[in-house]
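Single-structure report; data block below.
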Protein chains: 2
Amino acid sequence: MSEATGRERSWWGWGWADEAVDAEGCAKLARRVGPFLPLDGELTPVPAVPELPPSRLRPPAAIAALCRDDARSRAAHAYGRAYRDVVRLLHGVLDNPPDLVAYPQDEAAVIAVLDWASDAGVPVVPFGGGTSVVGGVEYRGGGPWLSLDLTGLSGVVEVDEVSRAALIRGGTFGPDLEDALRPYGLTLRHFPQSFAFSTFGGWLATRAGGHYATGYTHIDDLVESMRVVTPAGVAQSLRVPASGAGPSPDRFWLGSEGTLGVITEGWARVQQRPSFRAGTALRFSVYADAVHAVRAVAQSGLRPANCRLLDPLEAMLGAAAADGSSRLLLGFESADHPVDALLARAVQLCREHGGTEEDTARDTTGRWRDTFVGAPYLRDGLARLGVVVETFETACTWAAFEALHAAVVTAAASAGEAETGSPALVTCRFTHVYPDGPAPYFTVYAAGRRGGEVAIWDALKQAAGDAIAAHGGTITHHHAVGRDHLPWYTRQRPEPFALALRAAKSAVDPAGVLNPGVVLP
Amino acid sequence: MSEATGRERSWWGWGWADEAVDAEGCAKLARRVGPFLPLDGELTPVPAVPELPPSRLRPPAAIAALCRDDARSRAAHAYGRAYRDVVRLLHGVLDNPPDLVAYPQDEAAVIAVLDWASDAGVPVVPFGGGTSVVGGVEYRGGGPWLSLDLTGLSGVVEVDEVSRAALIRGGTFGPDLEDALRPYGLTLRHFPQSFAFSTFGGWLATRAGGHYATGYTHIDDLVESMRVVTPAGVAQSLRVPASGAGPSPDRFWLGSEGTLGVITEGWARVQQRPSFRAGTALRFSVYADAVHAVRAVAQSGLRPANCRLLDPLEAMLGAAAADGSSRLLLGFESADHPVDALLARAVQLCREHGGTEEDTARDTTGRWRDTFVGAPYLRDGLARLGVVVETFETACTWAAFEALHAAVVTAAASAGEAETGSPALVTCRFTHVYPDGPAPYFTVYAAGRRGGEVAIWDALKQAAGDAIAAHGGTITHHHAVGRDHLPWYTRQRPEPFALALRAAKSAVDPAGVLNPGVVLP
């Protein structure tokens, strides 16, 4: 239950319990999806919290007041919110839920939990909003463990209006953070799809991708300094706009996914709320032309805030553009100056590559935004209908993209056919674009098999991940490594860096209790 | 001797031997400086390479052909090119020059050198262009050591015109790199003041600051992937535009200053050469107004390429603007679109803060650029005249700047007075500006005392460094840590990060031979 809103989070699915797609909505969904994928006509009921085996851990007096072991708390902290998590919870599969959930309200309590856990050898899995889609908050070691829910460390502590920065506690959810900045006319403008249900500390731990399609958009670029509790002491980095003093301490903890410490707060760069906006949608009849247009825009230095290229299938499913063409959603924004000239130049570049502006650009953009925000709820509805539906993403150079795109689409579609008898549908959009390459984001829809959903998804993911790796893509651009990406991550990471990370972990987490199995296998 | 140019590098001072300020030039300098600082009328002669004690190291057969131990090679690799280096070389102070200088021509040779050094326990100091101003290439351990000159690993190996990236070997000097990119219409556009005499690998190892005053300008942001030889193996990071897969391997080696490996090559993001430019110079009668104007520009999202604010003394000495006002040099550039509107908006912001455009903006900018490029040569001339002259830099938040600036100027001037009887002159300019703060760059001129120059400088530096640290600045924004910044760096670095770095170093450099005494004391 959220104190601020009085609304309840779903313990098994995405977001708010009262926004889950209901039976009627699922029936509608079935009518939309039926033409593309075979459905069995069944609807998995919304599950009740199952009974769990008793907790194997007894917290000591020092932290007992912070800990809960009721079934709902434990079930809600057992997994993240990937498709494979939701479908397991739908079917009541809870192999090894946490034995305890600790809810520290301040840094001292975090230290107390880590002290006890280090002494007792209890694995601790830091948990922000719990929206991981890569198994980042699910301990798979078999033994007892503790989930460390950090949402009690919430709030904006201080705002430096002169330097445009804010000190934000790690457990602050996106909307709470923006609410606190709004009275100052400021915004962090970091809106991952999980925005409403993920936390500032979680974004830092997982190197979240941001609102902007170009420029400074990753949380890595927005953070000024960090405070991290490790079993070896508290690390506070210096708050400066830039520093060349040795390797960056912040970059050591950014992406460490709870394995090297618990992020309790950080200063972030904030900005004035934008007041100038300009945007449009462009149609490309040939996808390759659209890719070239986006490359031209990405290399132009125009830095659009939005530059989302939807391939034909994504355009159809996400923006109701059913004519087989691709759509580019293009937008600029500024708090300081008009951006119409920037948009005009970007549109000109697109025209030179075969793009035409849509008359109904605003509708297309609006439809796509609605789909984007509602997608995780729809996914849960589809999961109840038995559809296998999930996303994955990467980044690659422009030179590598064409082959990577073809290989990934083919591999995932074929794996779907091998597993289910009908090819999977694979859509692609760009979430971010860089002068040297795009970040393609894929959505897969495949026919399900009741009880076999996880196996089907794992086979699809294996095929897709292998295709990405074979074509020079990173296994993740902004979804993090977690446990699900480990096989590809360990191949892509330079071995001497693995040696260095392992040694560094031993130094800051000598007992090895911090999120074991993530990033460092 | 450079094969390409037939010109000879100075072994004791900055840059090309034939561009050193000659006796006549020094006399002119003396007339310019005399009114401000007491001079003793002497001119230290240009030194001859001194005789050195015999080398204490005998390279094994496997690397003997790569190694030299002649006095000139050893003397030229004994120090970097800080003022305290130049003045020591002017006076023939060579306490512990390297016993060997190795010149590998390929990665295999780098590996062979590290293998031998690890077995024999010989410290290895990687040396690119040798322009360190922080003692980064000077081993201070007393025993025998080897300087690893990497300029044999030179050249641009491959250009990916589609993705706008180039594979560059670590020992490539700035001009050679630009020469290789020019036929493609491309440029790295990374122009540190040392550009002509520093290398790509050196920029990466020290996190060099770039051409642009704003936006993606640090070499950290321009590098796509790196290849690093460590005693524990070769690390090759994945070449992608962005990755959220764990902590960034590149950021581990960026700023490691030769302590964690030898950077042999890297892919860098390059760009089209700019064809649109607009710039101006503005006068501010009140320095604080100018600072506020620059903050407004930095927070506007306009992203000027040049945004150098010269305080009144810097404006006088560097741009011959002797009316006691400050000068802001402002410039925009693009390869894609006109930038006049951006400049106009920036000028408008400056006007709102009391700035007026100069009629002779082009002259001011030109004079300042000439001063900038010639400064290191002038410094050597001043050193021969007995003047103590050096620079240091930092970055801090906008909220911290005013107090930091006042404290640093006062501290350095007072330390000058305490040491020499007359206050030091301290000038300040901004090299880079960020939405959350500036990177102020200070130049100090103090009366010298023959034979006491190093002690005077060290006292000035101690006072300035302490003032920076006390007011929230980083001890270096782009000059690196080296050995000279260690006292402040160790205070500013979070202790758990120090533990992690030390452990990581032990993992990739088990014998501890890589640049001992830098970054990790």
Could you tell me which of [options] has the largest number of non-hydrogen atom pairs under 4.5 Å with chain B?
| options | value |
| --- | --- |
| A:I475, A:T397, A:L499, A:L254 | A:T397 |
| A:L342, A:L302, A:V519, A:T230 | A:L302 |
| A:Y216, A:W267, A:W488, A:Y489 | A:Y216 |
| A:R269, A:R295, A:Q299, A:E257 | A:Q299 |

Original post:
Can you list the steps and then say if A:L514 with A:L114 is a side-chain contact (heavy atoms from CB on, under 4.5 Å)?
Top reply: CA-CA 8 Å; A:L514 285 171; A:L114 294 194; 4.0 Å; yes
Subject >> Part of residues 332-341 of chain B lying next to chain A, heavy-atom separation under 4.5 Å >> reply: B:S334, B:D336, B:H337
Subject >> Interface residues of residues 500-510 of chain B facing chain A - heavy atom cut-off under 4.5 Å >> reply: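 At a heavy-atom separation under 4.5 Å, chain A is reached by B:A500, B:L501, B:A503, B:A504, B:A507, B:V508.
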Just how far is it from atom [atom1] of [X] to atom [atom2] of [Y], taken to the nearest 0.5 Å?
| X | Y | atom1 | atom2 | result |
| --- | --- | --- | --- | --- |
| B:H471 | B:E402 | NE2 | CD | 11.0 Å |
| B:C396 | B:L404 | SG | CG | 4.5 Å |
| B:L204 | B:I263 | CG | CD1 | 5.0 Å |
| B:H432 | B:T217 | NE2 | OG1 | 4.0 Å |
| A:R491 | A:R493 | CZ | CZ | 13.0 Å |

Contacting moiety of [X], where chain B heavy atoms sit under 4.5 Å:
| X | answer |
| --- | --- |
| A:R303 | side chain |
| A:V433 | neither |
| A:F497 | both |
| A:A232 | both |
| A:F401 | neither |
| A:H477 | both |
| A:R164 | both |

Original post:
Under 3.5 Å, is there a donor-acceptor pair between the A:E393 and A:T476 side chains?
Top reply: yes
Original post:
Does the side chain of B:T474 pick up a donor-acceptor pair with the side chain of B:Q492 at under 3.5 Å?
Top reply: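 Yes - a donor-acceptor pair under 3.5 Å links their side chains.
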Subject >> Part of B:V270 within contact of chain A (heavy atom distance under 4.5 Å) >> reply: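 Answer is neither: B:V270 stays 4.5 Å or more from chain A.
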Original post:
Has the side chain of B:T431 got a donor or acceptor atom that lies under 3.5 Å from a matching backbone atom of B:Y441?
Top reply: no
Subject >> side-chain hydrogen bond (donor to acceptor under 3.5 Å, both in side chains) involving B:E224 - partner list, sequence neighbours excluded >> reply: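 Expected list: B:R239.
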Subject >> Stepwise ring-ring contact (aromatic ring centres under 6.0 Å, His included) check, B:H478 with B:H218 >> reply: CA-CA 9 Å; B:H478 62 266; B:H218 292 275; 7.3 Å; no
Exercise: identify the closest heavy-atom pair between [X] and [Y]:
| X | Y | result |
| --- | --- | --- |
| A:A205 | A:G258 | CB-N, 4.4 Å |
| A:P487 | A:T490 | O-OG1, 3.1 Å |
| A:A298 | A:W398 | CB-CZ2, 4.0 Å |
| B:A399 | A:V162 | N-CG1, 3.9 Å |
| A:T214 | A:P304 | OG1-O, 2.7 Å |

Can you find a pair of side-chain heavy atoms, one from [X] and one from [Y], that are under 4.5 Å apart?
| X | Y | value |
| --- | --- | --- |
| B:I468 | B:F392 | yes |
| B:T394 | B:P440 | yes |
| B:V518 | B:R483 | yes |
| B:V134 | B:V481 | no |

Pick from [options]: which one has the most heavy-atom pairs with chain A under 4.5 Å?
| options | value |
| --- | --- |
| B:L260, B:L520, B:D436 | B:D436 |
| B:G437, B:G233, B:S300, B:P435 | B:S300 |
| B:D220, B:T206, B:V234 | B:V234 |

Original post:
Using non-hydrogen atoms and a limit below 4.5 Å, what part of residues 240-253 of chain A faces chain B?
Top reply: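 Residues A:V240, A:P241, A:A242, A:S243, A:G244, A:A245, A:G246, A:P247, A:S248, A:P249, A:R251, A:F252, A:W253 are the ones that qualify, each having a heavy atom under 4.5 Å from chain B.
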